[in-house]
Amino acid sequence: PAFRLKFSDGQQKQENQISAMRACIQQGVDVIALPPVVEDGWDAVLQEAKDANIPVIIVDRSVSADKSMYVSHIGSDMVLEGRKSGEEMNKLLPEGGNVLEISGTTGSGAATGRAQGFRETLNANITILDSQTGNFNPTEAKPVAEAFLKKYAGEIDGFFIHNDGMAEAVVEALKAAGVKPGEIKIVSVDGTRGGFQMMIDGWVQADVECNPLLGPQVMEMALKLMNGEKIEAEVLTNETVYYPDNAAELLPTRKY
């Protein structure tokens, strides 16, 4: 089937995403796929799409709007990713210890869910010394890590980092501080090629997958909507946890 895909880059800004959605509504597109940069503040524009009878698929991160405002969410269970991360930290620090958290963009479904799930499963003998946002951005995460290493020198047993890009920045800070691979346990989220390399190099002990390859699923759902077929209101992506022992073997197969 021939169909046209119109793409707008929101540059990580909600106002750009909202104006792009309004442009789509004015053009009378058939389906809108929205990967929301934050959870709140979508009610008005989702209502406009609904009034125009344009189905909206929420992709990847979640929104706080009522489920009747959009047709489906395709993406990860961010709370589950956080729970898996907590379980991994428990295994790495069976005697307990102190961990630091570098979280994603404040207010995003990913950061909120991962933080919540992590706290739900973390053993009582593990203390979260501090938590700061690195905004899912390595450039912003590095000074946060450097400040943590100065402030909590000698007290840090682990890092929980909300994505692999920021973990790479933390590893740079650890190297500069003279920390050896594995001295501080790191649990990261994503499962990128960079994450796999950090496992091979001994820096990251567990990488909780967040699968970004959602395009095919979104396209399939858009076609079903156009053909008037029934769709699921919640579609989860398949995700696992990766470890250093088979990271070298799996690295060549990683697509992101």
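This one's a predicted model, so the numbers in the text were calculated from it and none came from an experiment.
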Check your understanding: To the nearest 0.5 Å, what is the distance between CG (Leu223) and CE (Met221)?
Key -> 11.5 Å
Check your understanding: Please walk me through it: do Leu46 and Met21 pass side-chain contact (heavy atoms from CB on, under 4.5 Å)?
Key -> CA-CA 9 Å; Leu46 285 172; Met21 278 186 72; 4.2 Å; yes
Exercise for review: Taking the side chain as every heavy atom from C-beta outward, state whether Met199 and Val204 have any atom pair closer than 4.5 Å.
Suggested key: yes
Exercise for review: Please test Glu88 against Lys91 for salt bridge (charged side-chain N to carboxylate O under 4.0 Å, His left out), starting from the C-alpha separation and ending with a verdict.
Suggested key: CA-CA 5 Å; Glu88 294 306 326; Lys91 284 190 245 173; 3.2 Å; yes
**Study point:** Heavy-atom pair of closest approach, residues Ser64 and Asp40
**Key:** OG-OD1, 2.6 Å
Check your understanding: Does Val71 share a hydrophobic cluster with Trp42, counting links as ILVMFWY side-chain heavy atoms below 4.5 Å and allowing steps through other members?
Key -> no
**Study point:** Closest contact, heavy atoms only, Asp60 versus His73
**Key:** O-NE2, 2.9 Å
Check your understanding: Are Val179 and Tyr152 joined in one hydrophobic group, where the rule is that I, L, V, M, F, W and Y side chains link up if heavy atoms are under 4.5 Å apart?
Key -> yes
Study note, to complete from the structure: Note: Leu236 and Asp77 closest approach over all heavy atoms is CD2-N, 3.7 Å
Check your understanding: Do Val218 and Val56 share a hydrophobic cluster (ILVMFWY, side-chain heavy atoms under 4.5 Å, transitive)?
Key -> no
Check your understanding: Can you name the residues that form a salt bridge (Lys or Arg N to Asp or Glu O under 4.0 Å) with Glu15, not counting sequence neighbours?
Key -> none
Review point. Quick one: does Asn98's side chain get under 4.5 Å of Asp157's, heavy atoms only?
Key: yes
Check your understanding: Considering only heavy atoms from C-beta outward, does the side chain of Phe148 approach that of Ile102 to under 4.5 Å?
Key -> yes
Check your understanding: If you measure only the distance, is there a donor-acceptor pair under 3.5 Å linking the side chains of Gln197 and Asp201?
Key -> yes
Exercise for review: Check for a donor-acceptor pair, side chain of Thr133 on one end and backbone N or O of Gly104 on the other, with a separation under 3.5 Å.
Suggested key: yes
Exercise for review: Would you please test Asp207 and Val241 for side-chain contact (heavy atoms from CB on, under 4.5 Å) and show each step?
Suggested key: CA-CA 6 Å; Asp207 204 353; Val241 180; over 6 Å; no
Practice item. Supply the atom-to-atom distance Thr240 OG1 to Leu250 CG, rounded to the nearest 0.5 angstrom. Key: 9.5 Å
Check your understanding: So with a 6.0 Å cut-off around CD of Glu232, is the heavy-atom count from everything else above 12?
Key -> no
Point to revise | Same cluster (ILVMFWY, side-chain, under 4.5 Å), Leu34 and Ile25 | key: yes
Check your understanding: If you round to the nearest 0.5 Å, how far is NZ of Lys224 from CD1 of Ile231?
Key -> 8.5 Å
Check your understanding: Does any N or O in the side chain of Asn123 come within less than 3.5 Å of the main-chain N or O of Asn125, such that one atom is a donor and the other an acceptor?
Key -> no
Check your understanding: Does Val208 reach the side chain of Arg114, with side-chain heavy atoms less than 4.5 Å apart?
Key -> no
Review point. Less than 4.5 Å apart, any side-chain heavy atom of Thr112 and any of Met78?
Key: no
Exercise for review: With side-chain contact (heavy atoms from CB on, under 4.5 Å) as the test, would you mind laying out the steps for Val79 and Glu120 before giving the verdict?
Suggested key: CA-CA 9 Å; Val79 176; Glu120 282 174 11; 4.0 Å; yes
**Study point:** Separation between CG of Leu174 and CD1 of Ile186, rounded to the nearest 0.5 Å
**Key:** 5.0 Å
Practice item. Answer whether the closest heavy-atom distance between the side chains of Glu239 and Cys210 falls below 4.5 Å. Key: yes
Point to revise | Smallest separation among heavy atoms of Arg22 and Ala44, with atom names | key: NH2-CB, 4.3 Å
Practice item. Could you tell me whether Arg254 and Glu209 have a side-chain N and a carboxylate O separated by less than 4.0 Å? Key: yes
Review point. Which residue, Trp203, Tyr256, Tyr242, forms the ring-ring contact (aromatic ring centres under 6.0 Å, His included) with Phe196?
Key: Tyr242
Check your understanding: Going by heavy atoms in the side chains, are Asn163 and Phe136 under 4.5 Å from each other?
Key -> yes
Check your understanding: Under the 3.5 angstrom rule, does the side chain of Gln17 hit a backbone N or O of Val37 as a donor-acceptor pair?
Key -> yes
**Study point:** Approximate separation, where rounding is to 0.5 Å, of Ile74 CD1 and Met219 CE
**Key:** 11.0 Å
Review point. Is the side chain of Asp164 donor-acceptor paired with the backbone N or O of Thr192 at a distance under 3.5 Å, no angle test?
Key: yes
Revision key, fill the gap. Between the CD atom in Glu101 and the CG atom in Leu129, the distance rounded to the nearest 0.5 Å is 12.0 Å
Check your understanding: Would a 4.5 Å heavy-atom cut-off, applied to side chains only, mark Leu225 and Asp30 as touching?
Key -> no
Review point. Linking I/L/V/M/F/W/Y whenever any side-chain heavy atoms sit under 4.5 Å apart, do Ile128 and Met89 land together?
Key: yes
Review point. Do you know which two heavy atoms are closest between Ala248 and Ile200, and how far apart they sit?
Key: CA-CD1, 3.5 Å
Exercise for review: Check Glu39 against Ser108 and note the closest heavy-atom contact, atom names and distance.
Suggested key: CG-C, 4.1 Å
Exercise for review: Assess whether atom CD of Glu229 is packed by more than 12 heavy atoms of other residues, nucleotides or ligands within 6.0 Å.
Suggested key: yes
Check your understanding: Got a donor-acceptor contact below 3.5 angstrom from the Glu249 side chain to the Asn246 backbone?
Key -> no
Review point. Counting N and O atoms only, with roles assigned by atom type, does the side chain of Arg119 sit under 3.5 Å from a partner on the main chain of Ala115, one being a donor and the other an acceptor?
Key: yes
Practice item. Report the C-alpha separation of Leu251 and Arg193 in whole Å, then their side-chain angles, then the decisive distance to 0.1 Å, and conclude whether the side-chain contact (heavy atoms from CB on, under 4.5 Å) test is met. Key: CA-CA 6 Å; Leu251 176 63; Arg193 297 181 78 95; 4.0 Å; yes
Review point. Within a radius of less than 6.0 Å around CG of Asn227, do more than 12 heavy atoms belonging to other residues, nucleotides or ligands occur?
Key: yes
